[in-house]
Amino acid sequence: MSFTPVSRLDGKVAVITGGLGAIGYASAQRLAALGATCVLLHRKAEDADARAAALPSAEGQRHGALRADIVDSASLQAAAAQVKADHGRCDILVNSAGHTRPVAAADLDGLTDELIDELLRANFRGVFATIRAFTPLLKASGDGLIVNVSSIAGFTGVGSNLAYVAAKAGVDVVGDALAKALAPAVRVVSVSPGAVESAFVPGRGEAFKAKMATTTPLGRIGLPDDVAATVEALATTLRFVTGTRIVVDGGRHL
């Protein structure tokens, strides 16, 4: 099998969970611009089809959107079956769905059992369930790529809450195990941002962003396109990479 860098993704099909979110959609825009057909998975969005249709497109590309909830394995299996029926393949899976809620690390009572279960279900189990659903198609591709959008919280221990930290650490470690288990047909890589310009964490406004920027070595917080650029690189130039994390945080973790 060749892992030679490529410049185009013509004929490839990319499935992106959280495809209407900031990082997911930015990734779809970059992959689509290089010729990939993108399928955006979302839970419930009235504008999903319109946003899929707005992605860069040329002859042969048939972007679309499918409803699927990452905490509902049956819906993921149905989505995988639909992708196979519509496109016959899946070459790239970007896991960018999930959610969180701010709870200070010292607030042990604030991190309830129910919240722990909810966040682990969405940010760890859901990622694994998505991989499980799409792995047959990725294996059949023979040149599959799974990119798990993780977080520096997974190795710094500092994040929106400790359950989110645990979920991201789990995604990283299990991703490494899967990289070995699924090789050589499928590569698995975690991309770990720090703070990103988005509405992902509720309640974090401009003051928080400014504070994060002043304490980040490169002087700003991340943009969704910073993460998307890394996803693009893994699909094109960084093709001899698997079983590791790529940190995209402007030095925030230092």
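Both backbone and side-chain heavy atoms feed into the values below; hydrogens, waters and symmetry mates do not.
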Fill in: Plane angle bin for Phe240 and Phe3 - parallel if under 30°, tilted between 30 and 60°, otherwise perpendicular
tilted

Only distances under 3.5 Å count here; give the side-chain donor-acceptor pairs of residues 166-189 to other protein atoms, sequence neighbours excluded, each with its distance to 0.1 Å.
{"unit_1": "Lys168", "atom_1": "NZ", "unit_2": "Val149", "atom_2": "O", "d": "2.9"}
{"unit_1": "Asp172", "atom_1": "OD1", "unit_2": "Ser150", "atom_2": "OG", "d": "2.9"}
{"unit_1": "Asp172", "atom_1": "OD1", "unit_2": "Ser190", "atom_2": "OG", "d": "2.9"}
{"unit_1": "Arg187", "atom_1": "NE", "unit_2": "Arg239", "atom_2": "O", "d": "3.4"}
{"unit_1": "Arg187", "atom_1": "NH1", "unit_2": "Leu234", "atom_2": "O", "d": "3.4"}
{"unit_1": "Arg187", "atom_1": "NH1", "unit_2": "Leu238", "atom_2": "O", "d": "3.1"}
{"unit_1": "Arg187", "atom_1": "NH1", "unit_2": "Val241", "atom_2": "O", "d": "3.1"}
{"unit_1": "Arg187", "atom_1": "NH2", "unit_2": "Leu234", "atom_2": "O", "d": "2.8"}

Tell me whether [X] shares a hydrophobic cluster with [Y], the cluster being built from Ile, Leu, Val, Met, Phe, Trp, Tyr side chains joined at under 4.5 Å.
X      : Y      : result
Ile23  : Leu145 : yes
Ile92  : Val248 : yes
Ile146 : Phe128 : yes
Ile152 : Met212 : no
Val103 : Phe124 : no

Practice prompt. Taking Gln61 for its side chain and Ala36 for its backbone only, find out whether a donor-acceptor pair lies under 3.5 Å.
Written response: yes

Worksheet item: Distance-only, no hydrogens or angles: does the His63 side chain make a donor-acceptor pair with backbone N or O of Ala54 under 3.5 Å?
Response: no

Item to complete: Please name all residues satisfying ring pair (Phe, Tyr, Trp, His ring centres under 6.0 Å) with His99, sequence neighbours left out, ordered by chain then number.
Response: none

Worksheet entry | Sequence-distant partners of Tyr25, ring pair (Phe, Tyr, Trp, His ring centres under 6.0 Å), two or more places apart | none

Discussion item. According to side chain to side chain contact (heavy atoms under 4.5 Å, CB included), who are the partners of Arg43, at least two apart in sequence or on a separate chain?
Written reply: Asp69

Discussion item. Filter on side chain to side chain donor-acceptor pair (under 3.5 Å), then keep only pairs touching residues 212-226, sequence neighbours left out; what's left?
Written reply: Arg30-Asp225, Thr215-Arg252, Arg220-Asp226

Fill in: Lys209/Glu206 salt bridge by N-O under 4.0 Å criterion
yes

Discussion item. My understanding is that only residues two or more places apart in sequence, or in another chain, count here; which of them pass salt bridge (Lys or Arg N to Asp or Glu O under 4.0 Å) with Asp117?
Written reply: none

Worksheet item: Do Thr100 and Asn161 get their side chains close enough for a donor-acceptor pair, meaning under 3.5 Å?
Response: yes

